[in-house]
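Only this structure's heavy atoms are used, side chains among them; waters, hydrogens and symmetry mates stay out.
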Amino acid sequence: MAAPRRLVRKKPVPACPNPLFVQWLTEWRDEAAEKGKKTQFVYQRALGSLRRYPLPLRSGREAAILQHFGDWICQRLDERLERHRAEQGADAPLEAMGGASPSMGGQESDPPSTEHRSPNNPSASQTLLGDLEPPPTRKPRPPRGYIPASRSGGYAVLLALYKDSTSPHSRGFLTKSELQRAAQPLCDKSFTLGDPGNRYTAWASVGTLIRKELVLKTNVPARYSLTPQGLALAQRLVAAEQAPISEGRAPESKTPQGTEPTHPAGEEKLRPEPQLLDGALGPQEGAAGGSGGQRPPDPEFVLRPGQFDIILCVDFIETMGGPAARKQDLLAELRRNAVPFDVRKLHVGDFVWVARERVHPRPGQLHLPPARELALDYVVERKRMADLCGSIIDGRFHEQKFRLHRCGLCHPIYLLEESGLTQHLSLPESTLQQAATSTQVVDGFFVKRTRDLRESAAYLTIMTRHLNSLYGNKTLVSCTKEESQGRCLLQPNSDSCTLMTFQEFNEGAVKNKAQTVREVFARQLMQISGVSGEKAAAILERYSTPASLLAAYSACPDPESRDKLLSTVKCGKLQRNLGPALSRTLSQLYCSPGPLS
């Protein structure tokens with residue numbers, strides 16, 4: 001009689017060998033279900049196939065062997081995996097997020113093997129009974145909070161926003177360009193350029209911080225600030241960095257599990273972030289050492305001679321709408337004159353010139369890296385006589401000039417085409433000529449008059465060649481819009497100049513962006529007949545909000561003093577008084593309780 005076969009307990013197989021892929025597919029399926037898309041069923045089938053696969057996968061490409069995994073899902077998994085490694089480190093394990101718990105994804109573990117269940121084999125029956133007993137329950141691990149790796153993109157963004165929040169001059173937020181410049185010294189990866197073979201930059205971690213409600217993104221253009229949870233995490237990161245320094249030892253480097261930091265023999269790796277934290281985040285900023293003056297911020301990038309081309313940017317409105325032939329004639333003339341141009345959406349002006357970086361292909365990358373651009377100090381607003389008449393009637397004339405003054409470029413140009421007859425327009429020709437003269441004399445614009453579209457294209461061609469000779473041998477340094485307000489104009493004998501980035505220029509000129517009370521008050525004043533941009537700015541210098549103006553009116557003892565309250569406000573270059581008539585109009589508008597007669 002043969003001896004009974006001995007049953008051996010097998011090593012349990014992990015219930016979820018690919019927790020990250022299961023988590024991401026589940027998120028994508030839920031997002032598609034919320035939006036009512038049919039792709040939710042594609043993700044569900046792929047999810048079921050992945051749960052049945054018992055081996056770990058190292059990339060989305062390896063998942064192509066599974067059923068219901070097409071090229072699109074595999075590519076999306078690889079892209080999400082690249083972002084995960086960019087945030088957590090290149091050597092981050094795939095099991096770093098999400099546990100391997102049996103409940104993940106709703107997949108139950110397979111029942112124990114039932115081979116050799118014979119009533120004549122009591123030992124086997126006892127073993128099987130023991131196998132059927134529930135395994136000892138493990139205490140669930142508390143969820144581990146998100147902590148970005150040192151010198152990663154999320155780490156740098158949190159510390160940069162925390163540094164700004166502790167500054168006495170903080171506005172409570174940072175724009176994208178400001179945040180990238182402030183966070184770059186605290187990060188080992190670039191926030192603007194990806195590594196070879198990887199299109200993701202350190203900026204991809206901002207999306208993770210927003211999803212985890214650590215960073216708040218508001219407004220257009222975007223403004224970034226810390227949430228209360230993000231502020232608490234940033235304080236913990238700062239305390240963790242400063243603790244080793246206070247104890248007199250170097251901070252430990254955070255390396256992936258299973259690896260040791262490698263340093264040359266006899267050399268000690270120096271970490272720059274403690275000095276940055278001490279100098280930027282400490283309460284006694286600038287007190288120890290130095291003169292206490294603030295060092296000018298480092299530029300985001302610099303373009304040297306031979307590294308850029310001068311490109312004319314044409315607003316897409318100039319190429320569409322109206323007679324198609326007339327719109328395309330301008331581009332045809334520019335091509336005939338060999339002018340390099342690019343059609344794009346401009347939020348202010350019709351033409352602007354940019355210095356575009358010359359980019360070269362990188363090994364291992366399919367596409368060229370994005371070219372960085374700086375806006376030159378010249379912007380052109382093109383008007384035909386009919387357009388000028390229409391803008392004066394509907395009130396856009398003064399508003400456009402006001403926005404051109406506020407765009408940050410120092411040389412606004414008014415290109416006036418005098419083609420066509422003016423007898424059939426709603427305003428007399430003398431009024432239009434007076435408006436053009438006022439634009440040049442009072443507003444300080446350079447007004448260029450042309451006879452037709454071909455002459456306008458010739459002027460743009462000459463300007464492009466002139467700017468090529470003017471800026472071609474200069475070193476161009478980038479700056480923000482706030483920094484550009486205090487800069488000097490370009491000097492012919494200087495070797496460098498400071499220019500605003502095109503993105504900063506275009507985003508700052510968005511017409512329908514969120515506005516402050518002061519800006520809304522200025523636009524409200526400019527709707528009143530006789531109040532120009534200069535007069536509105538003069539009133540704002542004395543009364544920056546409607547509340548302050550109403551408080552001043554309330555303090556006047558009688559109606560006559562209210563009528564004369566604004567009459568002595570100095571306006572314009574000649575510092576003339578606003579005048580009693582306009583002051584009385586404003587007083588009636590803001591002090592009359594009922595409708596105006």
Side-chain angles (χ1 to χ4, degrees), residues 10-113 143-144 146 149 152-154 189 194-212 256-258 362-367:
K10 294 183 178 179
K11 184 178 180 180
V13 179
C16 186
N18 301 288
L20 276 179
F21 288 175
V22 170
Q23 178 179 342
W24 295 338
L25 286 173
T26 304
E27 291 176 0
W28 298 338
R29 180 200 63 188
D30 295 342
E31 289 176 3
E34 291 176 359
K35 298 177 181 179
K37 295 183 178 180
K38 294 184 178 179
T39 50
Q40 60 176 306
F41 305 110
V42 179
Y43 290 127
Q44 181 61 39
R45 289 193 294 267
L47 201 53
S49 177
L50 179 62
R51 287 168 177 161
R52 292 190 295 270
Y53 189 66
L55 301 178
L57 298 171
R58 296 300 172 187
S59 66
R61 185 177 300 177
E62 291 185 7
I65 63 175
L66 302 182
Q67 191 179 12
H68 306 303
F69 275 79
D71 294 338
W72 180 65
I73 292 183
C74 295
Q75 180 182 359
R76 192 170 183 188
L77 284 173
D78 280 332
E79 292 176 354
R80 184 65 182 86
L81 187 60
E82 287 182 8
R83 289 173 52 191
H84 171 69
R85 286 173 174 164
E87 297 166 3
Q88 304 293 334
D91 299 328
L94 293 183
E95 295 79 9
M97 292 176 60
S101 61
S103 61
M104 175 171 285
Q107 177 74 5
E108 296 181 357
S109 57
D110 295 334
S113 176
R144 180 177 179 269
Y146 172 76
S152 65
K189 291 190 63 175
D195 295 334
N198 185 357
R199 64 188 182 93
Y200 289 103
T201 64
W203 184 253
S205 60
V206 175
T208 301
L209 297 176
I210 295 174
R211 286 194 301 272
K212 295 185 178 296
Q257 296 180 357
R362 290 187 170 190
Q365 285 191 350
L366 179 61
H367 303 288

Heavy-atom donor-acceptor pair, Gln40 side chain to Lys37 backbone, under 3.5 Å: yes
Side chain Ser49, main chain Gln67, donor-acceptor under 3.5 Å: yes
Interatomic distance, Phe21 atom CZ to Leu66 atom CG [nearest 0.5 angstrom]: 10.0 Å
Which atom of Cys74 lies closest to which atom of Ala63, heavy atoms considered: SG-C, 4.1 Å
Donor-acceptor side-chain pairing of Arg29 and Thr26 below 3.5 angstrom: no
Heavy-atom pair of closest approach, residues Leu47 and Val22: CD1-O, 3.7 Å
Gly60 to Asp78 - nearest heavy-atom pair and separation: N-OD1, 2.6 Å
Atom of Ala32, atom of Thr39 and distance for their closest heavy-atom approach: CB-OG1, 3.4 Å
Side-chain touch Tyr43/Asp30, heavy atoms, less than 4.5 angstrom: no
Contact check, side chains of Arg80 and Leu77, non-hydrogen atoms, under 4.5 Å: no
Heavy-atom closest pair, residues Arg58 and Arg85: O-NH2, 3.7 Å
Separation of Tyr146 OH from Leu209 CG (nearest 0.5 Å): 5.0 Å
Ala46 to Ile73 - nearest heavy-atom pair and separation: CB-CD1, 4.1 Å
Heavy-atom neighbours of Arg61 CZ exceed 12 at 6.0 Å: no
Check: Phe69 and Leu25 side chains under 4.5 Å, non-hydrogen atoms: yes
Donor-acceptor contact present, side-chain Ser205 to main-chain Ala202, <3.5 Å: yes
Atom pair CZ/CH2 of Arg76 and Trp28 - distance to nearest 0.5 Å: 5.0 Å
